[in-house]
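Worksheet for the structure shown next.
All figures in this text were calculated on a predicted structure; none of them were measured in a lab.
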Amino acid sequence: MDNRVIVYVDDAAYARQMLAPLFARDASAQTQWVLVACAPRMTHRISKWVSHRARENWRIKWADKLFAQILPWLQVPASRVTTVLAKGPLNELTDQLQPAGGPTAQVVDARRPKADQPEDPPPPEGRWSPLPGTLGSVLTGIGALWLLGLD
């Protein structure tokens, strides 16, 4: 029985990390791989400087470079790999790529997260102490004690 795996990728190095356990597990299975390149989004304002045709050509070249980095690493016959460039919402594309009348394909999102945010918030920025006025209070107290000690 052939399995189908749909993999969304946007960075070859990150995809290798995410997919290594999956490839090791399915190495002997007859799996049909569908690699979907998700090109970086361009702002709508770019149309002032670049034509639609030029943007589409850039997306195609970008996807070709991505596939050139990923395909040698897959080490599966070319007949078992299909490459697709995403051009619309991924939900609709997933529905189109699902086999008709067969088992549901496994979908793997191996795209790099958009924002790598630290789990803990950074400590507050302060020169001497996180409490405002603490250093000034301490110096004033020391100065007052010093004056009292001179009397």
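By the rule that hydrophobic residues join a cluster once side-chain heavy atoms approach within less than 4.5 Å of another member, L71 and W73 end up as members of one cluster. A continuous path of hydrophobic side-chain contacts links W62 to V9 [ILVMFWY only; heavy atoms under 4.5 Å]. Note on L85 and V34: separate hydrophobic clusters, where clusters join Ile, Leu, Val, Met, Phe, Trp and Tyr whose side-chain heavy atoms are under 4.5 Å apart, directly or indirectly. If you chain together hydrophobic residues whose side chains sit under 4.5 Å apart, W49 and M42 fall into the same group. No chain of hydrophobic side-chain contacts below 4.5 Å, direct or via other Ile, Leu, Val, Met, Phe, Trp or Tyr residues, connects Y8 to L19.
Side-chain contact check for F67 versus V81: every heavy-atom pair is 4.5 Å or farther apart. The shortest distance between side-chain heavy atoms of V36 and T94 does not fall below 4.5 Å. The shortest side-chain heavy-atom distance between N3 and Q106 does not fall under the 4.5 Å cut-off. With contacts defined as side-chain heavy-atom distances shorter than 4.5 Å, the pair V107/Q98 qualifies. Taking the side chain as every heavy atom from C-beta outward, V108 and M18 never approach each other to under 4.5 Å.
Listed by first and then second residue, the ring pair (Phe, Tyr, Trp, His ring centres under 6.0 Å) pairs that reach into residues 74-109 come to none, sequence neighbours excluded. Within the structure, the side chain to side chain donor-acceptor pair (under 3.5 Å) test picks out no pair touching residues 51-60 (sequence neighbours left out).
L147 CG to I142 CD1: the interatomic distance, rounded to the nearest 0.5 Å, is 12.5 Å. Going from atom CD of Q96 over to atom CD of E92 covers 7.0 Å, rounded to the nearest 0.5 Å. Atom CG of residue L148 and atom CH2 of residue W146 lie 11.5 Å apart, to the nearest 0.5 angstrom. The CG atom of L97 sits 11.0 Å away from the CD atom of Q32 when rounded to the nearest 0.5 Å.
R111 contributes no side-chain N or O that, together with a main-chain N or O of D10, makes up a donor-acceptor pair within less than 3.5 Å.
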**OP:** Carefully, step by step, assess I6 and V84 under the rule side-chain contact (heavy atoms from CB on, under 4.5 Å).
**Re:** CA-CA 10 Å; I6 301 170; V84 178; over 6 Å; no
